[in-house]
Amino acid sequence: MGRQARTASWSGIGRLGVVDREDAWQRLGKESFDLVVIGGGVVGAGTALDAATRGLRVALVEARDLASGTSSRSSKLVHGGLRYLEQLEFSLVREALAERELMLTKLAPHLVRPVSFLYPLTHRVWERPYTAAGLFLYDTMGGARSVPGQKHLTRAGALRMVPALRRDSLVGGIRYYDAQVDDSRYTMMLARTAARYGAVVRTSTQVVDFLHEADRVSGVRVRDVEDGREVEVPAGAVVNCTGVWTDELQQLSGSRGRFRVRASKGVHVVVPRDRIVSESGMILRTESSVLFVIPWGNHWILGTTDSDWRLDLAHPAATKQDIDYILGEINAVLATPLTHDDIEGVYAGLRPLLAGESEETSKLSREHAVARVAPGLVAIAGGKYTTYRVMAADAVNAAAIDLPTRVQPSITDKVQLLGADGYHALVNQADRLAAQYGLHPYRLRHLLNRYGALVHELLALAENEPEWLRPLEHAPDYLRVEVAYAVSHEGALHLEDVLARRTRIAIEYPHRGVDCARQVAEIMAGILGWSGKTTESEVDTYVARVAAERDSQSQPDDEAADASRRAAPDVRPHLDALDLGKQR
């Protein structure tokens, strides 16, 4: 049986494969929904899950790929926001810490795990008690429930923990814990879990217009941006969860917004783990904010910047100035400085901040806002990744006023994401499972931390394709079967979807996915039924994307970097200009 024919027989709960994609399109055209959610980021996926588990009929549509915007380009931390204590945003910190606890212990222990940070002290006498008081407040608000509390270190102790630091860069240190997540995988698992509970989830499906009945919004018109088909989708209410595109979608609806969203660019740099000798991550104070040094497998993620962005919303570009700033801040404390040659990957994302009176994005509110923009239309924006579940519940509550039936309370604090159930038992059985599948135990544990209890579903794909259990050439951290599974179960439609989001090859290897692009494309082609011409086009488009990003990262300012990044073609041929971002 050929790979394409076998696709139809592949099983899986909450599957988002090519067969499921066509079924979802038919459902969009034939069914009426209580709620249509626009946007496949963490808030949109969370809203779809919240609504579906309340018993509502839900459709989630995303113009590009799941987590293709902000939700794949974060600092990859689930945290309370320690620095928000200084801004006296106590309720935000308390709320975020409660959500972090839920994600760590119940909702997604396979995707969220503790990570330690050293806070180097640079001033004697006053800084230790001042910082300790803040961390004590952090711990007592919920920060030390399932992770260790703060630990005070002398300078010698801090240097033993982080030998990479210059001796004169600190007088002591305090270690504390937060949590880490693969942001794009978490968002994708949220969407799959929503599909598991009945939501229609469809990517490459752009809202091109809103339907109206008298003065109320009664649904949306969507376009399949792969082939250009369009269909009307009636709904009791529509929720705009498009983040930095919130204002554009509100204009498209013909409704005046209740708040404005500003885009703040955050740039991160990825370097090899051996370039910074340390047992812990770090948080460093800068003049305007903080800089994180975050452990990420065999790498470190360094970031972030915080600057206003008014250019292309789809493809924010890092500049040489952004990268130099990050290297300059970390090199100020390292005994062996980093250089541009050490950089493996760079990524830039946009935070959707609620616009206020201040012109500095670092001072705009990280809290979220929900508004009933018009009868039948709700918009939600702001917030932070960690509090997506609270935001989702608020959005559904706001939309409930337009629904004819009583809406049940939110229960997502009790709903585990796919892969969570049974994860801990499988970790204990890792050696036996590794032997069963002929894998090294380290490899099996790596898979468990990406797929959780779905690891059996993943490895089952290789039963008739044993070569799929071999690593990818030029990206050996990933197995070939992970590419197949990304297409058959996780909704990947394009090479970029796999290299940048289902895996993180695009930021974890110096070649940024170019060297393994053809091999990955050939695996995808066998499942998606690509012709040789389509396969070549996918590889060429991805290579052009990487070249454009590299060029943008050598430019001196945002305008030049944006022009360089825009030079690469978009892989989805029927995207409307609205979704490509505008000069604002």
Neighbour count >12 (heavy atoms, 6.0 Å) for atom CZ, R273: yes

Under 3.5 Å, is there a donor on one side chain and an acceptor on the other for S184 and S72? no

For T203 and E62, test the side chains for any donor-to-acceptor distance below 3.5 angstrom and give the result as yes or no. no

Using a distance-only test with no angle check, is there a side-chain donor-acceptor pair under 3.5 angstrom linking S68 and R572? no

Rounding to 0.5 Å, atoms CG (D312) and CG (D558) come to a distance of 12.0 Å

Are a donor atom and an acceptor atom from the side chains of S537 and D540 found within less than 3.5 Å of each other? no

Validation: residues 326-337 side-chain donor-acceptor distances under 3.5 Å, sequence neighbours left out:
unit_1, atom_1, unit_2, atom_2, d
N331, OD1, L338, N, 2.6
N331, ND2, L327, O, 3.2
N331, ND2, L338, O, 3.0

Given E482, which of R502, R504, R450 fulfils the salt bridge (charged side-chain N to carboxylate O under 4.0 Å, His left out) condition? R450

Worked verdict on L165 versus M282 for side-chain contact (heavy atoms from CB on, under 4.5 Å): CA-CA 10 Å; L165 289 174; M282 288 183 281; 3.6 Å; yes

Taking the cut-offs as 6.0 angstrom to the six-membered ring centre and 45 degrees off its axis, would you call R185 and Y451 a cation-pi pair? yes

Between Y186 and Y388, how do the two ring planes meet: parallel, tilted or perpendicular, split at 30° and 60°? perpendicular

E473 and R480: side-chain contact (heavy atoms from CB on, under 4.5 Å), yes or no, with the steps? CA-CA 9 Å; E473 295 175 17; R480 302 174 191 194; 4.0 Å; yes

Taking atom types as modelled and ignoring hydrogens, do the side chains of E508 and W296 form a donor-acceptor contact shorter than 3.5 angstrom? yes

Smallest heavy-atom separation, L77 atom then T386 atom, equals O-OG1, 4.0 Å

Value for CD (E127) from OG1 (T122), rounded to nearest 0.5 Å, stands at 4.0 Å

Would D65 and R501 pass as an ion pair if we require N to O under 4.0 Å? yes

Side chains of D322 and T305: do they bring a donor and an acceptor to under 3.5 Å? no

Just wondering, do Y385 and K76 contact through their side chains at under 4.5 Å, heavy atoms? no

Validate the cation-pi geometry between K265 and Y325: distance from NZ or CZ to the six-membered ring centre under 6.0 Å, angle to the ring axis within 45°. no

Mind telling me whether W126 and H123 have parallel, tilted or perpendicular rings, with 30° and 60° as the class edges? tilted

Taking NZ, NE, NH1 and NH2 as the nitrogens, is one of them in D182 or R113 under 4.0 Å from a carboxylate oxygen of the other? no

For Y176 and L82: C-alpha separation, side-chain torsions, deciding distance, then whether side-chain contact (heavy atoms from CB on, under 4.5 Å) applies. CA-CA 10 Å; Y176 76 99; L82 183 61; 3.9 Å; yes

